[in-house]
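Each chain gets a letter, A, B and so on, in the order its sequence line appears, and its residues count up from 1.
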2 protein chains.
Amino acid sequence: MPRKPRLRSGSGVTLHEIGLAAGVSAITVSRALNSPERVSEALRNKILETVDRLGYVPNRSARSLASARSRTILVLVPSLTNTVFIDTLVGVEEVLRVAGYQMLIGNTHYSASEELQLLRAYLEHQPDGILVTGLSQPPEFGAILEKLGIPAVYMMDLTDDGRLCVGFSQEEAGAAITAHLLARGYRRIAFMGAQLDERVLKRLEGYRATLHAAQLYDAKLEFLDPSPSSMQMGAEALERLLREHPDCDAVFCCNDDLAIGAIAQCHRLGLAVPDRVAIAGFNDLQPAAWTTPALTTVATPRNRIGAEAARLLLERIAGLVISAPRQDLGFAVVARGSS
Amino acid sequence: MPRKPRLRSGSGVTLHEIGLAAGVSAITVSRALNSPERVSEALRNKILETVDRLGYVPNRSARSLASARSRTILVLVPSLTNTVFIDTLVGVEEVLRVAGYQMLIGNTHYSASEELQLLRAYLEHQPDGILVTGLSQPPEFGAILEKLGIPAVYMMDLTDDGRLCVGFSQEEAGAAITAHLLARGYRRIAFMGAQLDERVLKRLEGYRATLHAAQLYDAKLEFLDPSPSSMQMGAEALERLLREHPDCDAVFCCNDDLAIGAIAQCHRLGLAVPDRVAIAGFNDLQPAAWTTPALTTVATPRNRIGAEAARLLLERIAGLVISAPRQDLGFAVVARGSS
DNA sequence: CCTAAAAATGTTAGCGCTAACATGAATAAG
DNA sequence: CTTATTCATGTTAGCGCTAACATTTTTAGG
């Protein structure tokens with residue numbers, strides 16, 4: 001008695017069936033699709049016609065299993081609600097898509113432990129490579145990648161320790177916007193920081209170094225809150241900052257969300273921006289250009305970072321020698337009305 | 001002469017090897033992991049201990065291939081830079097994650113042809129189901145799903161044609177915000193629309209119907225631009241609208257981006273909001289609450305839409321009978337200072 | 001025309017897993 | 001104590017594809 005046939009997935013048309021219809025073997029069909037130059041033109045055309053006619057759809061699982069290459073890249077980002085990382089993902093996607101790679105997105109929620117958990121979970125997909133946000137993962141993280149030989153590119157920041165990275169110097173950017181405020185004549189410059197991840201802390205370092213150098217540093221002007229940042233928090237923090245330090249004449253907010261909340265609060269309190277207090281943000285999100293006055297901020301090349309990181313990773317996967325493991329894409333201080 | 005062993009993927013530890021180490025067959029290990037109740041407790045513990053010890057990571061490709069279930073859901077959204085869809089994706093992700101499903105994101109860029117192309121491309125992954133934004137896909141779209149038996153849930157809008165859908169009535173929402181403006185006493189209410197997708201057009205219908213009913217409809221007060229919306233466009237459109245129709249006393253912008261640009265432009269032109277002109281938006285994005293004055297808009301349950309749609313789809317995949325194929329999650333007019 | 005090399009196609013096996021069926025052990029029912 | 005029934009585990013095969021090797025056909029060089 002013949003046993004029940006197994007359930008089949010997808011369109012049901014297999015390489016083998018295309019082969020039968022076109023009068024060739026399955027492997028030739030595979031070659032016609034994946035390395036066309038290895039099949040004679042006449043045969044190739046006939047095969048491609050058959051593929052089209054029967055509506056063949058390759059099965060990626062079978063392909064991954066047979067070739068030990070998943071054509072899948074894991075991308076770990078701290079948040080999806082922060083436009084910064086979305087822009088990065090869009091850049092990544094554009095590059096991976098044309099290369100035939102699939103992007104798997106993991107949201108770490110700014111948590112190192114979740115990041116590790118996600119990595120473990122996503123290993124099921126046998127990713128060919130991984131794009132990570134930031135440089136400070138737990139030690140096991142690198143150990144796993146090392147052990148399994150999964151290449152990685154680190155995004156948004158720079159290091160010289162040999163890891164492949166694409167980004168800009170968070171510290172220098174923090175220093176640059178602080179220097180801008182100094183140049184405009186502000187002397188009591190506060191720092192407003194939330195969601196204190198490694199990038200925010202580096203911007204803070206840049207801020208501190210610059211003010212120290214100008215002998216204007218005052219630790220009391222630092223407002224730091226580890227909880228997630230929001231416009232709400234920016235509004236509340238601004239009010240508190242000016243109440244406790246009425247001589248504060250400028251605020252460098254570690255991101256645009258805080259800055260937008262801060263400007264809105266100034267309106268509510270009847271405080272002139274930038275005359276009473278100047279406000280600067282970070283990232284140059286779309287709304288930053290549309291506050292009143294428009295927000296001075298730091299434009300960051302997030303989209304390009306994603307795209308370049310993806311390109312670098314694909315090169316690494318292809319076995320190319322990477323001459324420059326550290327790619328600095330820079331940043332730009334965008335001076336607008338709020339300073 | 002023995003042939004070269006094939007390259008292997010991932011951690012290298014297979015079910016079979018776990019079985020050897022634990023003194024059982026591969027299938028028993030598989031059962032211990034996937035349907036624990038079918039393996040005796042003693043054996044199960046021993047197996048799980050071995051799995052842990054050897055750092056076994058299942059291979060999803062092999063699993064998909066053998067079981068004809070990919071545990072993958074395709075999610076098609078029109079844009080990734082629009083927060084609305086990100087919020088939806090976050091809702092989807094939360095539900096899929098705990099169910100062990102993987103989300104594949106396809107960005108259609110608001111294009112029906114790209115949507116179809118993406119669907120075809122993603123069939124390679126043999127998705128077990130699909131979540132689609134909107135109801136108006138090209139006819140082939142439904143045909144493909146039908147033919148392959150892939151269940152779908154439609155998000156963000158409602159229909160009674162039997163398709164599973166989770167959303168709210170775009171038309172009613174457009175009508176409601178227009179009615180709100182009427183109730184506040186505005187009489188020359190303009191409509192500002194960009195990125196004229198099906199949802200925007202339905203909001204427009206709601207706007208038209210409401211003004212018709214009040215005998216206040218004037219086609220000249222409709223500003224429509226099919227190109228992507230932006231704050232920039234909102235600013236430009238507002239200026240033009242008021243120049244061409246100085247008696248216009250309120251503007252319903254089809255999304256918050258346009259509205260934020262419009263309010264900013266009012267500041268630049270020295271026009272009081274809402275005294276000279278009232279502004280209303282749509283979606284209630286975060287910045288909407290932080291303009292000056294704060295923006296009147298329509299809050300939409302995007303996150304819940306994503307989550308509910310995912311839940312519905314999983315039920316459908318599990319073969320459950322869906323009693324209510326149409327899930328209306330409603331909307332809320334949020335009246336703030338700009339009206 | 002012959003021979004060597006290259007190009008085009010085919011055969012075989014196996015990637016890691018689970019469906020289907022098979023068997024043996026434990027339990028229940030009479 | 002026998003037989004029927006359930007429960008626990010195993011055997012076999014195959015999902016659809018491609019790596020490795022094998023064979024056939026074509027081309028090149030003399």
For [X] and [N], is the shortest distance between a side-chain N/O and OP1 or OP2 below 4.0 Å?
X: B:S25; N: D:dG10; value: yes
X: B:S30; N: C:dT18; value: yes
X: A:N34; N: D:dT18; value: yes
X: B:R38; N: D:dA8; value: no
X: B:S67; N: C:dC17; value: no
X: A:T28; N: C:dG10; value: yes
X: A:S40; N: C:dT9; value: yes

Gap between atoms [atom1] and [atom2], on [X] and [N] respectively (whole Å):
X: B:I27; N: D:dC7; atom1: CD1; atom2: C1'; result: 16 Å
X: A:E41; N: D:dT25; atom1: CD; atom2: P; result: 22 Å
X: A:E17; N: D:dG14; atom1: CD; atom2: P; result: 15 Å
X: B:H16; N: C:dG14; atom1: NE2; atom2: P; result: 13 Å
X: B:E124; N: D:dG16; atom1: CD; atom2: P; result: 15 Å
X: A:R69; N: D:dG16; atom1: CZ; atom2: P; result: 23 Å
X: B:L43; N: D:dA8; atom1: CG; atom2: P; result: 11 Å
X: A:L15; N: D:dA19; atom1: CG; atom2: P; result: 12 Å

Does B:R60 get its side chain close enough to the base of C:dG16, under 3.5 Å, for a donor-acceptor pair?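 No.
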Looking at every heavy atom in both B:V13 and B:L54, which two are closest together, and how far apart are they?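 So the two residues come closest at CG2-O, 3.5 Å.
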Minimum heavy-atom separation for A:V95 and A:A307, please, with both atom names.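 For A:V95 versus A:A307, the nearest heavy atoms are CG2-O, 3.5 Å.
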Give the intermediate values and the outcome of salt bridge (charged side-chain N to carboxylate O under 4.0 Å, His left out) for residues A:R199 and A:D157. CA-CA 8 Å; A:R199 286 166 294 285; A:D157 207 344; over 6 Å; no
Assuming nearest nucleotide by heavy-atom distance, tell me which of B:A26 and B:A66 is located more 5' along DNA chain D.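 Upstream on the strand: B:A26.
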So A:E94 and A:V90, do their side chains get closer than 4.5 Å, heavy atoms only?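 Side-chain contact under 4.5 Å: yes.
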Which residue, B:R31 or B:A62, contacts DNA chain C at a nucleotide closer to its 5' end, judged by nearest heavy atom?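 Upstream on the strand: B:A62.
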Exactly one of B:R60, B:R71, B:R63 should register a side-chain hydrogen bond (donor to acceptor under 3.5 Å, both in side chains) with A:E124. Which one does?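 Only one of B:R60, B:R71, B:R63 forms a side-chain hydrogen bond (donor to acceptor under 3.5 Å, both in side chains) with A:E124, namely B:R60.
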